[in-house]
Novice: 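Pasting a structure below so you can have a look.
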Protein chains: 2
Amino acid sequence: MGQMTTLKDISAELGLSVATVSRALNGFPEVNARTRDRVTDAAKRLGYRPNRVAQRLVTGRSGMVGMIVKLKADMTADQTFFDVITGLTAALAARDVDLVLAVDQHADPTVAYERMLERNVVDGFILNAPVPDDARVAFLQERAIPFVVHGQTATEVDYPFYGIDNRAVSADAVGFLTALGHRRVALLNGDVRWSYAADRLSGFRDAMAEAGCPVPDAFISTERPSESYGYTAALAMLSGRAGPRPTAMICGSTLIAAGVLQAARDLSLSVPADLSVVAHDDALPQLRAIAFDPALTVTRSPLRDACKPLADALIDHIGGAPAKGLQTLVRAELIVRNSTAPVPDTGVSRWPST
Amino acid sequence: MGQMTTLKDISAELGLSVATVSRALNGFPEVNARTRDRVTDAAKRLGYRPNRVAQRLVTGRSGMVGMIVKLKADMTADQTFFDVITGLTAALAARDVDLVLAVDQHADPTVAYERMLERNVVDGFILNAPVPDDARVAFLQERAIPFVVHGQTATEVDYPFYGIDNRAVSADAVGFLTALGHRRVALLNGDVRWSYAADRLSGFRDAMAEAGCPVPDAFISTERPSESYGYTAALAMLSGRAGPRPTAMICGSTLIAAGVLQAARDLSLSVPADLSVVAHDDALPQLRAIAFDPALTVTRSPLRDACKPLADALIDHIGGAPAKGLQTLVRAELIVRNSTAPVPDTGVSRWPST
DNA sequence: AGAGCATATCAAAACGTTTTGAAATCTTGA
DNA sequence: TCAAGATTTCAAAACGTTTTGATATGCTCT
């Protein structure tokens with residue numbers, strides 16, 4: 001089958017040396033303008049495509065980065081996963097890098113990385129869903145493998161990351177709600193084993209404390225985000241068996257909020273008149289916060305926004321750029337819609353107790 | 001940072017030539033047993049890992065295969081996607097091959113393949129979700145790039161594939177239902193743009209014709225599988241506005257079946273007394289047919305089963321094995337549970353018309 | 001005309017492997 | 001003991017690039 005045309009072919013065709021052809025194609029300044037034209041012309045004419053493998057052999061880079069996703073029994077990742085992969089591969093492709101994907105089914109999170117490194121085919125990794133004191137971070141740092149973390153809050157680290165300020169997410173939501181007079185605010189958080197949820201929780205506690213609002217234990221729940229979790233948790237909190245009910249809820253995701261709204265509906269509670277709801281919105285196409293009824297007030301930071309910065313940070317870091325300049329912590333945007341309102345007059349919700 | 005140890009390092013250490021070391025490690029027969037031991041020993045001791053890039057440069061193979069998933073606005077792929085990726089990467093890894101993933105957002109399905117080929121980093125492709133006369137197939141065949149198709153019905157082709165016999169899926173379901181006396185059977189199919197659904201449809205029509213059962217147009221619907229599709233389609237069919245109602249339904253997926261069961265419940269119809277339901281079951285962990293109420297009668301062929309044969313077929317094909325021996329068409333298993341029963345006595349459903 | 005310098009090109013080394021063809025060593029049989 | 005053969009090892013080429021160090025060519029200034 002059709003042999004690839006190589007630098008040698010071009011050099012033979014033009015009576016030049018391979019070195020000059022290489023330089024001409026790579027835009028080195030010392031090659032004569034006319035020669036460069038002849039070379040680029042011949043390259044196009046002969047359909048030259050550089051052999052990446054050869055390039056990589058000499059540059060020592062593979063031009064691929066790895067990503068290893070954890071297979072969870074529940075597969076919650078899926079919703080966000082596809083979206084992230086899409087943006088990521090696009091951003092990587094723009095810089096001529098490919099993504100090698102593996103799924104980890106192992107208990108020890110590092111073995112999958114070890115395996116991929118062993119096959120020594122990737123220049124670096126994209127780490128997602130970090131946990132506090134992530135074992136993978138230690139593993140990769142020890143081996144001096146470049147990586148970038150998606151979703152990171154601690155800023156005092158020496159590797160690149162892109163994340164949202166999750167403490168601020170909670171603080172902003174709390175600040176907004178307390179300004180509306182709410183004092184009994186509940187948090188329907190994600191699973192605190194993940195850093196993002198842990199940070200939201202601590203941000204929530206601190207902000208509530210600062211606002212002088214006590215937070216009963218019953219007002220905080222943490223679980224993997226799902227609609228049914230939102231539904232049952234909200235139902236439990238709103239039943240008011242364990243003291244006064246919350247007048248506002250902060251949801252870890254729009255999915256949870258969907259369950260909360262359903263629960264409110266089933267209890268004949270009006271949102272926002274009886275209950276204010278704020279959710280964090282990753283801007284997934286399937287769950288458009290603006291399409292909720294009522295339209296959700298959210299702290300918003302599109303997941304897709306992370307992809308390009310992540311890809312670029314990793315590639316730059318592999319290229320030798322120091323981590324310090326490749327750390328981004330964005331502040332989520334508070335978007336006020338119709339699911340929030342001032343606290344009901346009495347301060348105690350007005351519906352009959354169940 | 002720590003230089004990789006190379007063949008040269010080992011050869012220097014042992015006073016052997018690089019060639020011998022290479023041979024020893026690759027199990028060539030002509031190397032002395034003692035020398036081989038010394039080499040493997042030194043390799044382990046020095047932590048030798050072959051440089052894949054160099055290997056590839058000389059062998060011309062990359063040891064990676066590509067998969068390009070189509071980004072659909074609705075993202076229905078997700079459910080099955082994660083499962084497939086998991087099995088696939090595991091099966092590939094077992095043969096020391098990695099998976100390069102890209103997401104295609106382009107209208108022309110071939111451009112993403114073109115792009116990946118251009119970067120010339122994969123030895124072959126796994127094609128999923130084939131359509132009749134798939135443009136990607138023509139594209140890859142023209143360039144003599146190895147590939148394997150996941151989900152294939154036409155058997156008269158000269159490339160490897162692994163698929164289930166979708167015409168038989170329908171035929172088996174129809175055969176089972178007609179044996180129970182059903183004659184008014186409806187098909188809630190997937191989107192017939194995909195081969196699998198097109199085949200299910202033709203298999204359904206043929207089997208029904210053979211059984212001597214007419215099929216009114218209203219008994220056939222095709223749409224992207226979802227619970228709500230199952231719900232609304234079933235509701236429409238069971239309302240009976242356009243003639244007598246079906247006594248049995250064949251669903252393209254368990255997801256659709258979930259909607260059908262809900263519709264039956266809302267109409268106070270008993271499954272299976274009033275309506276028999278058969279679904280095709282891909283055995284996704286999230287939607288366990290046995291956990292339905294009533295437990296679903298299904299044609300079952302676990303999606304995961306396809307992964308290892310697919311990976312192996314592709315790798316063998318890349319290795320030069322002819323396509324003919326790498327084509328598998330499995331017959332789905334009919335599993336009878338509680339969602340099917342003999343047709344009601346009258347032959348006309350006994351519930352009051354709406 | 002020759003030194004000095006910038007410009008443009010080249011040949012060769014390097015990357016780390018596999019593979020080829022030849023050479024060295026050992027074994028066997030007469 | 002020697003030729004023939006088998007066994008084991010080796011040096012070198014090859015894969016297609018990038019990069020290094022050297023060389024050729026032209027120009028400017030004295």
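Chain letters run A, B, ... following the sequence lines, proteins first, then strands; residues in each count from 1.
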Novice: List in chain and number order the residues that pass ring-ring contact (aromatic ring centres under 6.0 Å, His included) with B:Y48, two or more places apart in sequence or in another chain; answer none if no residue qualifies.
Specialist: none
Novice: Could I get the full list of ring-ring contact (aromatic ring centres under 6.0 Å, His included) partners for A:Y113, not counting sequence neighbours?
Specialist: A:F125
Novice: For B:V97, enumerate each residue passing the side chain to side chain contact (heavy atoms under 4.5 Å, CB included) test, keeping only those at least two apart in sequence or located in another chain.
Specialist: B:V65, B:L92, B:I315
Novice: Among residues at least two apart in sequence or on other chains, which ones pass ring-ring contact (aromatic ring centres under 6.0 Å, His included) with A:Y162?
Specialist: none
Novice: Any residue in residues 8-30 of chain A with a heavy atom nearer than 4.0 angstrom to DNA chain C? Just list them by number, or reply none.
Specialist: A:G15, A:L16, A:S17, A:A19, A:T20, A:R23, A:E30
Novice: How bent is the helix from C:dA1-D:dT30 to C:dA30-D:dT1, measuring the angle between the end axes built from five pairs each, rounded to 10°?
Specialist: 60°
Novice: Enumerate the residue pairs fulfilling salt bridge (Lys or Arg N to Asp or Glu O under 4.0 Å) with a member in residues 127-137 of chain B, sequence neighbours excluded, ordered by first and then second residue.
Specialist: B:D134-B:R136
Novice: Could I get the full list of side chain to side chain contact (heavy atoms under 4.5 Å, CB included) partners for B:T59, not counting sequence neighbours?
Specialist: B:R61
Novice: Short of 4.0 Å, heavy atom to strand atom, which residues of residues 36-52 of chain A count as contacting DNA chain D?
Specialist: A:Y48, A:R49, A:P50, A:N51
Novice: My understanding is that only residues two or more places apart in sequence, or in another chain, count here; which of them pass ring-ring contact (aromatic ring centres under 6.0 Å, His included) with B:F161?
Specialist: none
Novice: Return the set of residues passing side chain to side chain contact (heavy atoms under 4.5 Å, CB included) with A:Q105 (not counting sequence neighbours), or none when no residue passes.
Specialist: A:L71, B:T86, B:A90, B:R304
Novice: Taking the side chain as C-beta and beyond, is there a heavy-atom pair between B:L140 and B:L117 under 4.5 Å?
Specialist: yes
Novice: What residues form a side chain to side chain contact (heavy atoms under 4.5 Å, CB included) with A:R49, not counting sequence neighbours?
Specialist: B:E118
